[in-house]
2 protein chains.
Amino acid sequence: MTEQIWDCVIVGAGPAGLGAALYAARDRFKTVLLEKFAPGGQINTTDRIENYPGYANISGPDLTEKMLAQATAFGAELRSGAEVTALARRPDGLIEIACGKDKFTARVVVLAPGSSYRHLDVSGEEEFHNAGAGVSYCGTCDAPFFKGKTVIAVGGGNTSVEDTLHLCKFAAKVIMVHRRQEFRATKVLVEELMAKVNEPNSNLTLKLDSVLAEIKGAGKVEKAVIKNLKTQAQEEIGCDGVFIFIGMVPNTAFLKGFVELTDAGFIRCEPAYLRTKIPGVFAAGDCRTGAAMQLVTAVADGVNAAMWMKQYLRDPAWWNSKPE
Amino acid sequence: MTEQIWDCVIVGAGPAGLGAALYAARDRFKTVLLEKFAPGGQINTTDRIENYPGYANISGPDLTEKMLAQATAFGAELRSGAEVTALARRPDGLIEIACGKDKFTARVVVLAPGSSYRHLDVSGEEEFHNAGAGVSYCGTCDAPFFKGKTVIAVGGGNTSVEDTLHLCKFAAKVIMVHRRQEFRATKVLVEELMAKVNEPNSNLTLKLDSVLAEIKGAGKVEKAVIKNLKTQAQEEIGCDGVFIFIGMVPNTAFLKGFVELTDAGFIRCEPAYLRTKIPGVFAAGDCRTGAAMQLVTAVADGVNAAMWMKQYLRDPAWWNSKPE
């Protein structure tokens, strides 16, 4: 039996993977998307996207459906429930991808497994996990939906402080909950945060040494239970939304030992062409270092990988060329 | 009179500028788009886009209208017919933009003037300038519209050879017209081209030492007149499309002396954060070095610039930080 060789195997069918699939398939490369769960990735839990240029308002599942139909119309194939467990580059330059009992062989691989928001795992979090219901993990994405409202923000790192300050531009009242007295965020951010807190009639207050213990509501977020870790005292605060800013976990555990990862698990690649150190293996979307973590930037990463892939297929020496 | 200061001035309201405007305005930055002509840029001359992820088929003007409405809904302003003639960074770090009789002062500038396809300026080219009518400048964009058809491709550089080979995957017959015997394209590409020409029953033929003299048709492309420069003989070839691959001209003449340009006129910037050497001045889209020259990658460039701009506004020292 002759080995079936795919021009392009894409690991992950979120926005980055779908962008890569559209371009690779439309360029008539034999292309397959391997998706652990169902296509769409992180946007599947979003009912209202208003920052994808071209759509003033669309749900994540609807946008996923459109992108998937577009890619498959040009011949891209999708394998859902296909979990990649191992990859290896052969001496002949082809890449073998182990996926359950199946094995795929590829000339090019685009790694697009995405990242997941770290969850607090408190009561109510999953129930209201959707900006429409009141729980969000992304300030840039969802802050404008909370104009004039009261929101809780949880966390103490850079993104947490940035996104909390961002929330203050929209919400009437922001209560920031952090489990310690000190913030991990860099000095300039903490200074800005404190300046904001100390403004006269500031809309930002801090609850330090405190954690979010529970989210309550009927159909949507109505109250948050905050617990002080020093006194163990609990209080209920009426609110419309809860933003949980405690980090992201790239879905890259299966790549350890194959491509280079940062301590946090992001795939190292060069920003010009999204090349990893393994020839033929690109990284695209929220899984990579330096990603802006936005929907359209992830899609474009996939498209860029599919565009640069042609250079590599034409001339493998291109992989080690310097960007202009 | 106090000086009006814009958080973000965007030069060019094509896809990159519109992406930047949506994000900057939605983040509540005071944002204005300065557009020399009308918004949309290059996509305005395209009646059928099928490679913008999320839209299986949309016209350039329709997509422009959607993106513009989305950005202005969040407060971005548009000045059409506003030609920027000069920029300068002041000692206080603000950037002054001269625009006709007006002057704008900005904390951040996103340069997104785009590029234009070089035209042959032959009879019929403007009349049929639209993939629907038969004249195109982009193989990746428009090749799939010519499945089973006969097309002429003009040019001899890298992009010309690449895109001609790409056309061969779709068209029944491709006639490549080049004014010299030798190709400027790199060796590996020329080898691939010749291998294609020499295939048995190849769908690719070459017309060397020849130029496209005229495009004829009624409503759409029907014939091309090819002239041999050695013999001066002319022949008419029946065809459905003409692809003109003779290069791109970035619209950056007004930037000479302000930011660093390549010999070809592209704006030099680092790929990780799209920073030029002038603090506060980003480059986005087809005007910059290393751009993939696709619609969604241009949009994402604008979005990336608007995301990274926040780092600079918070801490100007970030401008000289190293990417991870």
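In the text below, chain A, chain B and the rest are named by the order of the sequence lines, each starting its count at 1. We use all heavy atoms of the structure for the numbers below, so side chains are in, but hydrogens, waters and symmetry mates are not.
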Under 3.5 Å, which donor-acceptor pairs do the side chains of residues 14-22 of chain B form with other protein atoms, sequence neighbours left out?
none

> Most heavy-atom pairs under 4.5 angstrom with chain B, which of A:Leu68, A:Ile58, A:Val188?
Replying inline: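 Winner by heavy-atom pair count: A:Val188.
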> Among B:Gly139, B:Ala69, B:Cys141, B:Ala71, which has the most heavy-atom pairs under 4.5 Å with chain A?
Replying inline: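 Winner by heavy-atom pair count: B:Cys141.
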> Between B:Pro144, B:Gly290, B:Ala272, which has the largest tally of heavy atom pairs under 4.5 Å with chain A?
Replying inline: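 Winner by heavy-atom pair count: B:Pro144.
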I'd like a table of all donor-acceptor pairs linking chain A to chain B (distance under 3.5 Å, no angle check), giving the atom names and the distance to one decimal.
unit_1	atom_1	unit_2	atom_2	d
A:Tyr23	OH	B:Asn51	ND2	3.0
A:Tyr23	OH	B:Gln294	OE1	2.7
A:Arg26	NE	B:Glu50	OE2	3.1
A:Arg26	NH1	B:Thr140	O	2.8
A:Arg26	NH1	B:Cys141	O	3.2
A:Arg26	NH2	B:Glu50	OE2	3.1
A:Arg26	NH2	B:Cys141	O	2.7
A:Asp27	O	B:Lys169	NZ	2.6
A:Asp27	OD1	B:His166	NE2	3.1
A:Arg28	NH1	B:Lys169	O	2.5
A:Glu50	O	B:Gln70	NE2	3.1
A:Glu50	OE2	B:Arg26	NE	3.1
A:Glu50	OE2	B:Arg26	NH2	3.1
A:Asn51	ND2	B:Tyr23	OH	3.0
A:Tyr52	O	B:Gln70	NE2	3.1
A:Tyr52	OH	B:Pro53	O	2.7
A:Pro53	O	B:Tyr52	OH	2.6
A:Gly54	N	B:Gln70	OE1	2.8
A:Gly54	O	B:Tyr55	OH	2.6
A:Tyr55	O	B:Gln70	NE2	2.8
A:Tyr55	OH	B:Gly54	O	2.6
A:Gln70	OE1	B:Gly54	N	2.8
A:Gln70	NE2	B:Glu50	O	3.1
A:Gln70	NE2	B:Tyr52	O	3.1
A:Gln70	NE2	B:Tyr55	O	2.8
A:Thr140	O	B:Arg26	NH1	2.9
A:Cys141	O	B:Arg26	NH1	3.3
A:Cys141	O	B:Arg26	NH2	2.7
A:His166	NE2	B:Asp27	OD1	3.1
A:Lys169	O	B:Arg28	NH1	2.5
A:Lys169	NZ	B:Asp27	O	2.6
A:Glu192	OE1	B:Arg314	NE	2.6
A:Glu192	OE2	B:Arg314	NH2	3.3
A:Gln294	OE1	B:Tyr23	OH	2.7
A:Arg314	NE	B:Glu192	OE1	2.6
A:Arg314	NH2	B:Glu192	OE2	3.3

Heavy-atom contact with chain B under 4.5 Å, split by part of [X]:
X	answer
A:Pro323	neither
A:Leu165	side chain
A:Ala291	backbone
A:Val296	both

> Residues in ring pair (Phe, Tyr, Trp, His ring centres under 6.0 Å) with A:Phe245, at least two apart?
Replying inline: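 Partners of A:Phe245 under the ring pair (Phe, Tyr, Trp, His ring centres under 6.0 Å) test: A:Phe243.
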>> A:Val190: which residues meet the side chain to side chain contact (heavy atoms under 4.5 Å, CB included) condition with it, sequence neighbours left out?
In response: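 Scan of A:Val190 (side chain to side chain contact (heavy atoms under 4.5 Å, CB included), adjacent residues dropped) gives A:Phe183, A:Ala185, A:Met194.
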>> Is B:Ala73 in contact with chain A via its backbone, its side chain, both, or neither, using a 4.5 Å heavy-atom distance?
In response: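 B:Ala73 has no heavy atom closer than 4.5 Å to chain A.
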